[in-house]
Amino acid sequence: MFERLNPLSADPILGLMAAHRTDPNPRKIDLGVGVYKDEQGNTAVMRAVKAAEARLLQNQTTKTYVSPAGSAAFNERVADLVLGTTLRHTLGDRRTTFQTPGGCGGLRLAAEFIQKVKPGSKILVSDPTWANHIPLLGEAGLQIETYPYYDHNNHGIRFDAMMEQISTAGAGDLVLLHGCCHNPCGADLNQAQWQAVAELAQRKGFTPFIDLAYQGLGDGLADDSFGVRLLAETLPELIVVSSCSKNFGLYRERTGSLTVIADSSNAARAATSQISATARGIYSMPPDHGASVVAEILADTELNQDWELELTEVRERINNLRSALVVELNKQGLDRDFSFIEQEKGMFSFLGLSAGQVHTLINDYSIYLVDSSRINIAGINSSNIEYLAQSIAAVLKS
Ligand code: PLP
């Protein structure tokens with residue numbers, strides 16, 4: 001049965017990681033893969049996670065099945081984190097939250113659920129968007145279209161063009177929005193723009209679908225969910241997927257959530273049973289460990305404080321690196337304005353280089369990044385930033 005199968009080409013980011021690993025150049029820099037790294041280049045386990053794991057090891061008495069919706073404690077705590085406690089209470093039974101295998105699992109579960117509600121639904125995604133949105137949503141059967149988002153010339157959001165395009169969506173259509181720290185461009189909607197999107201959704205009747213993969217890495221936990229909370233407050237329906245991969249550093253533990261807000265508690269009850277059956281038909285139940293860790297942290301004042309403190313350190317490191325990179329690039333005497341890097345949020349920004357220039361950075365300078373020139377800001381540190389800026393300048397001047 002497999003004789004006619006052709007191998008697929010390797011994932012470009014995995015290829016970059018492998019090339020970086022075997023590059024003997026001591027000055028090599030990896031700006032490709034999207035994980036947070038500290039000043040030493042490590043993706044460490046967070047302090048609160050270690051402490052919560054120790055407690056779990058001590059206190060856990062069973063490994064029996066939980067449920068397709070995962071841990072109820074996790075779901076309520078994460079709903080608080082994403083929506084805020086007051087709004088969670090206000091929404092009452094109109095909201096249902098599911099623990100999912102990471103943000104990816106949440107995106108796919110949502111897509112499979114939507115496919116049941118309305119097969120082949122249209123979903124508009126930003127151009128550009130995170131590459132994995134396409135298979136996660138499209139392979140479930142949703143029809144993907146795009147709306148203009150990032151202007152590579154002006155390094156800003158093409159907001160008017162975006163609004164024009166999403167105003168073509170109507171009832172039964174979805175619009176995917178990045179809650180904060182847009183991947184790949186780092187350019188986020190401001191509060192007035194979120195307000196305008198909320199009004200448009202209200203008027204046109206489409207259902208916004210927010211991917212919140214980086215809550216806490218942009219401006220702060222509450223600020224980063226401004227858009228989610230505004231839309232949840234004002235619209236009859238909303239889908240939100242969140243990830244604990246980055247803000248809890250739980251990448252491999254596959255911890256995330258799917259929240260559906262419906263316009264009545266009856267509709268939310270029906271959604272709960274449908275999503276349960278959908279999860280049961282894919283992976284049955286989500287993995288427990290990461291969710292138990294998160295629930296433990298969010299329920300404990302001390303662990304929660306320490307987690308927020310470390311997350312603040314992560315966010316400040318990223319934001320300081322953004323400023324420092326602009327300073328270093330400005331020292332190179334280039335006729336280019338890089339200040340957009342400082343204004344953008346989260347781990348990613350486009351440097352604004354051509355694929356050819358990216359290849360020169362890789363081949364001649366051992367600086368690894370993807371063809372689009374998206375960089376992971378957290379791959380920069382105080383000992384490589386000068387070399388990075390000098391190398392970018394050399395490539396731009398050549
Ligand atoms: N959404 C976006 C935009 C992402 O960048 C990522 C991870 O890189 C995810 C969702 C899902 O992450 P995970 O499945 O690791 O939680």
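Whatever order the structure lists them in is the order used to number ligands and atoms, beginning at 1. What's counted below: heavy atoms across the whole structure, side chains too, no hydrogens, waters or symmetry copies. The structure displayed is predicted, hence computed values, not measured ones.
Taking a 4.0 Å cut-off on heavy atoms, H182 fails to register as neighbouring ligand 1.
In summary, E233 and R229 do not engage in a salt bridge, as defined by a charged side-chain N under 4.0 Å from a carboxylate O. Taking 4.0 Å as the cut-off between side-chain N and carboxylate O, D188 and K345 do not count as a salt-bridged pair. Salt-bridge check for R88 with E76: passed, with a basic side-chain N closer than 4.0 Å to an acidic carboxylate O. Contact check on R315 versus E308 returns no salt bridge, with no Lys/Arg side-chain nitrogen under 4.0 Å from an Asp/Glu carboxylate oxygen.
Checked by distance only, ligand 1 and N183 come closer than 3.5 Å through their nitrogen or oxygen atoms.
The protein heavy atom nearest to atom 3 (C) of ligand 1 is D211 OD2, 3.4 Å. Taking atom 7 (C) of ligand 1 as the reference point, the nearest protein heavy-atom neighbour is K246 NZ, 3.2 Å. For atom 15 (O) of ligand 1, the closest non-hydrogen atom of the protein is S245 OG, 2.9 Å.
Aromatic ring orientation, F348 versus Y214: perpendicular (interplanar angle above 60°, classes split at 30° and 60°). Using a 30° and 60° split on the angle between ring planes, F350 and H152 fall in the tilted class, from 30° to 60°.
Every atom of ligand 1 is numbered from 1 in the order shown, and the set under 4.0 Å from a heavy atom of Y214 is 4 (C), 5 (O), 7 (C), 8 (O). With ligand atoms numbered from 1 in the order given, ligand 1 contributes 11 (C), 13 (P), 14 (O), 16 (O) to contacts under 4.0 Å with heavy atoms of G103. Close contacts between ligand 1 and S243 involve ligand atoms 12 (O), 13 (P), 16 (O) [criterion: under 4.0 Å to a heavy atom].
For C104, heavy-atom contacts with ligand 1 shorter than 4.0 Å involve the backbone as well as the side chain.
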